[in-house]
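This structure is a prediction, so every number in the text was calculated from the model and none was measured. Residue numbers begin at 1 in each chain, while the letters A, B, ... track the order of the sequences.
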Number of protein chains: 2
Amino acid sequence: MNGKVSTTRTKLERGRSALGPALELVHTGRAPTRAVLTSELGVTRATAGAVAAELEALGLIRVDSRPGSAAGSQGRPSHRLSVRESGPVAIAAQVHADGFRAALVGLGGRLVATAPGCVTVTADPAQVIGEVVDDCARLLRDSGLRCVGAGLAVPSAVAEPEGTALNPLHIAWPAGAPVSEIFADCVREAGIPGPAFTGNDVNLAALAEHRHGAGRGAQHLLCVATGHRGVGGALVLDGRLHTGSSGLALEVGHLTVNPEGRPCHCGGRGCLDVETDPLAFLVAARREPGPEESLLKQAGDLLRTEYEDAAVRGAAEELIDRLGLGLAGLVNILNPDRIILGGLHRALLDADPERLRAVVADRSLWGRSGSVPILPCTLDHNSLVGAAELAWQPVLDDPLAALA
Amino acid sequence: MNGKVSTTRTKLERGRSALGPALELVHTGRAPTRAVLTSELGVTRATAGAVAAELEALGLIRVDSRPGSAAGSQGRPSHRLSVRESGPVAIAAQVHADGFRAALVGLGGRLVATAPGCVTVTADPAQVIGEVVDDCARLLRDSGLRCVGAGLAVPSAVAEPEGTALNPLHIAWPAGAPVSEIFADCVREAGIPGPAFTGNDVNLAALAEHRHGAGRGAQHLLCVATGHRGVGGALVLDGRLHTGSSGLALEVGHLTVNPEGRPCHCGGRGCLDVETDPLAFLVAARREPGPEESLLKQAGDLLRTEYEDAAVRGAAEELIDRLGLGLAGLVNILNPDRIILGGLHRALLDADPERLRAVVADRSLWGRSGSVPILPCTLDHNSLVGAAELAWQPVLDDPLAALA
DNA sequence: GCGGTTTGTTTAGTTGCGGCACAAATTCAG
DNA sequence: CTGAATTTGTGCCGCAACTAAACAAACCGC
């Protein structure tokens, strides 16, 4: 019983350990100058200088030492740090009910190029993913930029480590489709370099909002959003996506928010999923629901343009109350320091922010948590940017190893 | 706009960075020999040797190099590592509805000495905490051992960073009592060296079970338990207690588990809190509840001795179904890889494990998560040991700095 | 007793980073 | 315009934590 099977795990991850944290600070915009980088990293100026120079040599950031660029306080102005414009990019792809989309995303969440790809999503994941990866490969070729990897956002929980989509029901894919493997295969066949990752769209949206949007600075960020059908949730803890032990955390759709509510396929009734999605809103407002892939737009337009209508307003208030109950339950369990809402939930927050905040405060037990800020998502294409974050992550963790 | 206010955060925490992880491995029993320590740390044998020697020099562990102690496989037998018997201890105290308790706890969660202190808890937190700290100080004096700090477990959520007890209702303390400050003051006045910490009892029980009990090896450990009244929850993520942004996470008592259930003071009805605690069990079994501070014992005895009684069994099955619904909700949100149950919930699991597992599997959406193991707590005095873990934590994080 | 195996120990680098001293670039006071 | 004050960048030294490699020690089976 001496020792273990593995002989002597060599530790080659030694290269300048502050490199990753430094890049992350520049990436998230928290280190605009070298002086700030120095204090944020908690190292000496000499070390921060060496780190910044190395990141510049890797082609990731730009160190602007020309004087006169910054003014305001006294003392020697610090060198400005910024993401390099023509630096490497990550491939980002997203599949949703009303089509798919491809993009190239640089450091800092900068959209370098996008391809709309407004094609109807078919029931065959391999075909859809193949098409979107083709779009990605074309974008990359046209740009001539270096690529660090690829990320895909899908509207379904993704089980880890298998990488299977467990409930892609609203896009008519078979449950359990091995989307992660399909995407990785397509990426490899298309000649796109670097690793490939797949994640749930709301998770990735939350990640993007945390780094570049309304979630910046939050330590316990809760994100809840609706697409066309169903509700998704995500939690970002200390800058890392919390996906649970097998990728299935924050499946918040089946919290009970209305004991007398309509039955849900999960076996319960009055679940958040069926009580606060666009379909529920349209039904409550007594409107005829249109095609499934445009429910979000229909509900959102209705909410914005006819809020004076009694039926619309009543439906909105009902949904706000239900959503508030669900958020309060999540606050009691997760105790986040910020909540951001997307999709129709964002529109509901915009319609009557005070009502939603009041319900959450009333039903989350402690006043302190009750006062948790609730904000709308601010980023365009946040799932897409989040998919790119997945691909950037290895570089952020260890730039030297990832770019070797 | 150059730099920040803070000048140059000095980084004096440099002393042998592998020291903390190494001590944690010995503390949790995951490094029985120096060879295992070497592979677990991922360092060379030389480094592991130096680290072990330094921990021994600090008086924390024992390195047993006498040959012949270990046999079984071929090759030179490795030196055995163990917690030092007469090493330093942490002070542990617990307040609960039926009294308080004091103890000294060594590394490895070893109870060195305990004082029962079976006194009725009064409505004055300062008085109760003062008495229990006196017991602690007496234990420490009598033992003659070195002390690294003190920890207190209370049956209430503790808000951070204020350290106030938010809902110590079942022990008749005022809501918002500054228990953390009271405890720290008492500890200082009693001449007990080291820092003082306060935490929720279920949180601390979960921490102790994770390191020394049924939760060992779990990466996402969920713990749910009932005392005499109400339900508490805790989550241990990657070895660290997850208490949310202000210490109020895992307040799981107000998940809806019975839409037609009895009203709860939170404003809802059918909450886990009022549907699955000992009082609910006694009422469902049509028994007369005894005094509040012995409800757990009364319910547990009833469950164990009269399970054949139809009313008792019916009540148990009803509570199991409600508990299962609550656990399923938590599984959907947190996706733990292990669940452990304490108090009456533990007894309910023992009574009919299959029924509980079936309900959780049925109502947690994905089969994979549905098969999450559900186990009973195994440690005696787990809250007490957990309180000591709080006090040990600085030593585990940086032994050199904490013992300086 | 002898090879094979696993572990402990010693020695000699390697390196990331703190500490320090000094140079550079700006503001502010006069 | 000049000089002091302030803040930042840079070069150099040294420490301390670690790796790598070679060797010694303690067990096994034959």
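One can place CG of B:Leu37 at 16 Å from C1' of C:dT6, the figure rounded to the nearest angstrom. For the pair B:Glu54 CD and C:dG8 P, the computed distance is 17 Å after rounding to whole Å. As a whole-Å value, the separation of B:Asp64 CG from C:dT7 P is 17 Å. Note: CZ (A:Arg34) to P (D:dT10) measures 5 Å, nearest angstrom. The nearest whole Å value for the distance from the CZ atom in A:Arg45 to the P atom in C:dA25 is 15 Å. Remark: P of D:dT7 and CZ of A:Arg76 are 14 Å apart, rounded to the nearest angstrom. The CG atom of A:Leu19 sits 14 Å away from the C1' atom of C:dC17 (whole-angstrom rounding). One can place NE2 of B:His79 at 17 Å from P of D:dA24, the figure rounded to the nearest angstrom.
Between B:Thr44 and D:dT19 there is a side-chain polar atom (N or O) within less than 4.0 angstrom of OP1 or OP2. The shortest distance between the side-chain N/O atoms of B:Ser17 and the OP1/OP2 oxygens of D:dC18 is below 4.0 Å. Residue B:Ser78 has no polar side-chain atom (N or O) positioned under 4.0 Å from OP1 or OP2 of C:dT6. The phosphate of D:dT19 has OP1 or OP2 within less than 4.0 Å of a side-chain N or O from B:Thr47. For the pair A:Thr38 and D:dT8, the criterion of a side-chain N or O lying under 4.0 Å from OP1 or OP2 is not met.
Minimum interatomic distance between B:Pro394 and B:Phe197 (heavy atoms only, all atoms of both residues): CG-CZ, 3.9 Å.
Residues A:His220 and A:His242 place their aromatic rings such that the two centres sit no closer than 6.0 Å.
Rounded to the nearest 0.5 Å, atoms CG (B:Leu107) and OG (B:Ser82) are 10.5 Å apart.
Across C:dG18, C:dT5, D:dC18, the shortest atom-to-atom separation from the side chain of B:Gln74 is found for C:dT5.
With A:Glu24 contributing its side chain and A:Leu396 its backbone, the two residues share no donor-acceptor pair below 3.5 Å.
Using a 4.0 Å heavy-atom cutoff across all strands shown, B:Ala46 reaches at least one base atom of the nucleic acid.
A:Asn335 and B:Ser246 share a donor-acceptor pair across their side chains, judged by distance under 3.5 Å alone.
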